[in-house]
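The structure appears right after this line, and notes come after that.
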There are 2 protein chains.
Amino acid sequence: MTAEADNVFKALADPTRRAIFEGLARDGEQTVHALTHHAGISQPAVSKHLVILKRAHLVGHRRQGRETHYRARPQALAPIADWMNLYSTFWQNRLDHLEDLLKRMDP
Amino acid sequence: MTAEADNVFKALADPTRRAIFEGLARDGEQTVHALTHHAGISQPAVSKHLVILKRAHLVGHRRQGRETHYRARPQALAPIADWMNLYSTFWQNRLDHLEDLLKRMDP
DNA sequence: CAGATCCATAACCAAATGGCTATGGTTTCG
DNA sequence: CGAAACCATAGCCATTTGGTTATGGATCTG
């Protein structure tokens, strides 16, 4: 629970990982090759970031032949949304919409 | 903007800093001395964490004699809430599109 | 005034982090 | 079949990070 929020916060702390997540959320499923091209770093570096994003459940993957397609799993943002709701009501309204979406998306 | 979100994500990536923030949000203003006692680490370590939380505007402080009182500033969470909502609207669009498709497919 | 308390900063250190190249296992293609 | 492409893992390295002790300035207190 708190451990899950920790994984998500740690995963999002790096701007390169946020950029990867943003790209997947914006443009949909992408191969490691495509992600590497956009990130401007080496393919192994991208793979390592993907491991960390997987640990936080922020991405899913699907093997197809020799390529792996990754996709964003925005439901994984729920733990940190919950965390924020715990400690303040200031931004409650701002997050209400998000909470609803996350609940609806939860399988 | 993005730089601000980066500071906030980085500040919250460490569990000790989250615990400090949680304590301030839950129990209100506290001195460095009190925070040190709760954190179970040295006073300089706490001061360094407070510097990082200050950089992210997650805490404010007030000098009173020889002690400094810190308080949580939950409004500073807004940048990451906005960041999340950026993708929530994207999801919403996708959901809307999906709903449209489903309706049109419905006999 | 003299000492004690509160806090910030500096200097240092081990561990974690984020990058790289090298390598190897699958899978596709000529 | 042999070569090329895709990706994950391993090993290496520089930098960052989170902790420590040492120190000093400012403020209370006896």
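A note on names: the letters A, B, ... follow the listed sequences, proteins ahead of strands, and every chain is numbered from 1.
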- request: Considering just the side-chain nitrogens and oxygens of Tyr70(B), establish if one lies under 4.0 Å of OP1 or OP2 belonging to dA8(C).
  value: yes
query: How about His49(A) and Ile41(A): do any of their side-chain heavy atoms sit closer than 4.5 Å?
result: yes
query: So, do Leu58(A) and Leu24(A) sit near enough that their side-chain heavy atoms are less than 4.5 Å apart?
result: no
Send over the distance from [X] [atom1] to [N] [atom2], rounded to a whole Å.
X: His69(B); N: dT5(C); atom1: NE2; atom2: P; answer: 17 Å
X: Lys54(B); N: dC7(C); atom1: NZ; atom2: P; answer: 12 Å
X: Arg62(B); N: dT27(D); atom1: CZ; atom2: C1'; answer: 16 Å
X: Leu53(B); N: dT17(D); atom1: CG; atom2: P; answer: 14 Å
X: Asn7(B); N: dT16(D); atom1: CG; atom2: P; answer: 15 Å

query: At under 4.0 Å between heavy atoms, what does Ser47(A) touch on the DNA or RNA strands: base, sugar-phosphate, or nothing?
result: base
field: Per-nucleotide protein contact string for nucleotides 15-30 of chain C, where B marks a base within reach and S marks sugar-phosphate only (heavy atoms under 4.0 Å, - for neither)
entry: ---BBSBB----BS--
- prompt: So among Thr31(B), Leu50(B), Val46(B), which one has a side chain to side chain contact (heavy atoms under 4.5 Å, CB included) with Tyr70(B)?
  reply: Leu50(B)
statement: Heavy-atom closest pair (Arg55(A) atom, Glu4(A) atom, distance to 0.1 Å) is O-OE2, 4.2 Å
- request: Let me see the working for Glu67(B) and His33(B) under side-chain hydrogen bond (donor to acceptor under 3.5 Å, both in side chains), right down to the final yes or no.
  value: CA-CA 8 Å; Glu67(B) 43 190 25; His33(B) 190 64; over 6 Å; no
query: Mind checking whether Ile52(B) and Ile80(A) sit in one hydrophobic cluster, side chains of I, L, V, M, F, W, Y counted as touching below 4.5 Å?
result: no
